[in-house]
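Single-structure report; data block below.
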Amino acid sequence: MAMEKVFRYPDAKVINFGTWFIFSFPIAIIMLVLTWLWLHFLFLGCKKGYRTDATVSVLLGFLLFLIPARRPFSSSSCCKNSDDDSESDPLAPMITWKDFQRLMPWEIVILVGGGYALAAGCKVSGLSVWIGRQLEPMSGLPPWAVTLLACLLVSAVTEFASNPATLTVFLPILSALVRHILFHIATPVPH
């Protein structure tokens, strides 16, 4: 069986346990340390309150700037890139800052981030609660009419603002409206 593989792929590099171990052991150690740190901060906590779900994304994105794109110090270059920088440097990372700036869709980041900032501003300033209180006269309407008016209002605003911004602004407002008119769908709690 081994002789058959040699004849089928005569130019293939042999991957045995040792070479696979050399390749995967550093990755396993890095992932073990990162997992331990993440679980430590998640369950034991730390004095800085800035860790969120985005922390993992930012950390993994940061690792793309550190992990080499090719196997360092290999005798054969199996993956040839058109970039001259990556050909000359065996430790060239998967992505460089220049590539990141060129390929990053900044308009989407600004659009979504601006929507979140607008929603946070409406919530912190109390604007969403104030608008919810202004809509209290809707409490006399039937539930289907309140839903219809809310849908029409949101649909009208999406013609002038982006969908993420509209969603992040109106969710706190509509939740405040629901609290003030005490209109919500709830399942009965068994006694």
Side-chain angles (χ1 to χ4, degrees), residues 27 30-31 34-67 69 81-83 93-191:
I27 296 171
I30 290 170
M31 294 308 292
L34 291 177
T35 304
W36 181 81
L37 287 171
W38 178 250
L39 290 174
H40 176 75
F41 289 129
L42 185 66
F43 291 110
L44 298 178
C46 65
K47 306 242 184 241
K48 298 174 198 77
Y50 294 111
R51 65 187 194 293
T52 62
D53 294 339
T55 308
V56 177
S57 302
V58 170
L59 180 65
L60 291 177
F62 177 72
L63 286 178
L64 291 176
F65 291 98
L66 299 177
I67 299 172
N81 293 336
S82 61
D83 293 333
M94 287 185 173
I95 188 168
T96 62
W97 184 248
K98 189 185 296 184
D99 292 336
F100 178 74
Q101 286 181 329
R102 183 173 44 89
L103 299 173
M104 181 68 185
W106 291 106
E107 60 275 0
I108 294 174
V109 172
I110 292 171
L111 179 74
V112 174
Y116 287 136
L118 189 60
C122 289
K123 185 177 179 183
V124 169
S125 68
L127 179 64
S128 61
V129 175
W130 180 80
I131 292 175
R133 285 186 183 148
Q134 299 305 312
L135 298 176
E136 277 183 15
M138 293 173 54
S139 62
L141 297 174
W144 65 267
V146 173
T147 305
L148 178 68
L149 288 175
C151 288
L152 289 174
L153 179 65
V154 170
S155 295
V157 172
T158 57
E159 296 299 321
F160 304 104
S162 67
N163 290 341
T166 304
L167 179 69
T168 51
V169 167
F170 273 99
L171 280 179
I173 291 171
L174 293 175
S175 67
L177 171 68
V178 166
R179 267 195 306 263
H180 286 292
I181 65 174
L182 299 174
F183 165 68
H184 61 280
I185 299 172
T187 56
V189 178
H191 296 292

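Owing to the predicted nature of the structure, the values given are computational and were not obtained by experimental measurement.
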For [X], all residues meeting side chain to side chain contact (heavy atoms under 4.5 Å, CB included), sequence neighbours excluded:
X      : answer
Phe100 : Phe65, Ile95, Trp97, Met104, Trp106
Ile110 : none
Leu103 : none
Ile27  : Phe23, Met31

Find the distance between [atom1] ([X]) and [atom2] ([Y]) and round it off to the nearest 0.5 Å.
X      : Y      : atom1 : atom2 : answer
Leu153 : Leu148 : CG    : CG    : 11.0 Å
Leu34  : Leu39  : CG    : CG    : 11.0 Å
Leu64  : Thr96  : CG    : OG1   : 11.5 Å

*All pairs passing salt bridge (charged side-chain N to carboxylate O under 4.0 Å, His left out) where residues 101-111 contributes a residue, at least two apart*: Asp99-Arg102
